[in-house]
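Before any comments, here is the structure.
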Amino acid sequence: MTTTALQQELDGKEDAMSKKILVAYASKMGGTAGIAEVIGDELRAHGHHVDVLNVAGVEDITSYDAVVLGSAIYIRRWRREAVRFLRHHVEELRRRQVWLFHSGPVGPDKDQEQAMPPAVRRLAHQIGATPAVTFAGRLEPATATGFLARRLASGSLAGDARDWDKIRVWSADISAAVEATQRSNWHRTTGTAR
């Protein structure tokens, strides 16, 4: 086998193992968008085709094999557009692997898991997604919007608490799960082996 033929065969195997993944986000001050970009970069580094998009602009998910959805969590609430996305795509998401995350905690509570809001918890259950993982957030005077956020950003809670290593490890775990599912004969639509 020639070097070119071997490379083409290897490229074909790599394409067969890669999946098209949507990383969608709903961000208030840019912190969640930054996390989504890093997740996308990590998934690409593992050979997947990834689109990182603001959830407000996502209308169709039929071309994606898996979906990662993240939302800023602010006063124990997800962004409206993220909840709307889950509601609108329940049936399609049931047929895909789905991971959820939220970001926002800063200060002394930055490493504490945050409960999913009730509506998100119900939708995640309907879809079959695991509970959202919590990532620490970012609160900076330059990006803070709203009276309360600007006030907090001028005090001891200000700063970028995002844990990039934790985010990258979680992203690599997603890649491994996608690849493992692809290698098996598991079929998400019916939940049975084919």
Side-chain angles (χ1 to χ4, degrees), residues 11-74 77-104 116-135 137 167-168 170-194:
D11 288 344
K13 286 181 181 176
E14 183 177 297
D15 281 346
M17 291 309 292
S18 70
K19 288 289 194 172
K20 188 166 184 189
I21 302 173
L22 170 65
V23 179
Y25 64 87
S27 191
K28 182 174 181 175
M29 295 181 259
T32 306
I35 291 170
E37 289 294 342
V38 169
I39 291 168
D41 289 345
E42 187 67 27
L43 292 169
R44 284 185 201 101
H46 285 270
H48 300 288
H49 303 283
V50 180
D51 291 330
V52 178
L53 301 171
N54 184 318
V55 74
V58 178
E59 294 180 16
D60 183 26
I61 65 168
T62 55
S63 67
Y64 297 102
D65 301 301
V67 175
V68 178
L69 174 64
S71 176
I73 189 166
Y74 188 68
R77 292 185 184 154
W78 269 37
R79 303 284 300 161
R80 260 185 240 138
E81 58 270 31
V83 178
R84 193 175 311 125
F85 174 85
L86 288 173
R87 280 192 183 115
H88 185 260
H89 295 287
V90 167
E91 292 303 319
E92 296 152 297
L93 291 168
R94 282 183 180 156
R95 295 186 296 271
R96 287 164 179 75
Q97 291 175 286
V98 178
W99 288 269
L100 305 173
F101 74 91
H102 46 225
S103 72
M116 289 190 297
V120 175
R121 186 174 54 248
R122 279 190 301 277
L123 289 163
H125 180 73
Q126 289 175 13
I127 292 163
T130 58
V133 67
T134 303
F135 295 122
I167 293 163
R168 286 186 183 95
W170 186 71
S171 304
D173 288 347
I174 290 172
S175 177
V178 168
E179 291 167 11
T181 302
Q182 186 172 356
R183 283 189 211 109
S184 76
N185 62 353
W186 177 259
H187 189 259
R188 175 70 188 224
T189 305
T190 62
T192 60
R194 297 191 242 180

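A search for side-chain contact (heavy atoms from CB on, under 4.5 Å) contacts involving V52 returns V23, Y25, A36, E37, R44, V50, not counting sequence neighbours. Residues satisfying the side chain to side chain donor-acceptor pair (under 3.5 Å) criterion with T32, sequence neighbours excluded, are S103. Applying the ring pair (Phe, Tyr, Trp, His ring centres under 6.0 Å) test to H89 and every residue at least two apart in sequence or in another chain returns F85. Taking F101 as the reference, F135, W170 meet the ring pair (Phe, Tyr, Trp, His ring centres under 6.0 Å) condition, with sequence neighbours excluded.
The CZ atom of R96 sits 9.5 Å away from the CG atom of L22 when rounded to the nearest 0.5 Å. Annotation: the span from S175 atom OG to E42 atom CD amounts to 8.0 Å, rounded to 0.5 Å. Atom CG of L86 and atom CD1 of I127 lie 4.5 Å apart (nearest 0.5 Å). The CZ atom of R80 sits 11.5 Å away from atom OG of S71, with the distance rounded to the nearest 0.5 Å.
The salt bridge (charged side-chain N to carboxylate O under 4.0 Å, His left out) analysis of residues 83-92, with sequence neighbours excluded, yields the pairs E91-R94.
Side chain to side chain, H102 and T134 meet the donor-acceptor criterion of an N or O pair below 3.5 Å.
R79 contributes no side-chain N or O that, together with a main-chain N or O of A72, makes up a donor-acceptor pair within less than 3.5 Å.
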Could you list the donor-acceptor pairs under 3.5 angstrom formed between side-chain atoms of residues 60-68 and any protein atom two or more places apart in sequence or on another chain?
from	atom 1	to	atom 2	distance (Å)
D60	OD1	T62	N	3.2
D60	OD1	T62	OG1	3.0
D60	OD2	T62	OG1	3.0
Y64	OH	D51	OD2	2.6
D65	OD2	K20	N	2.9

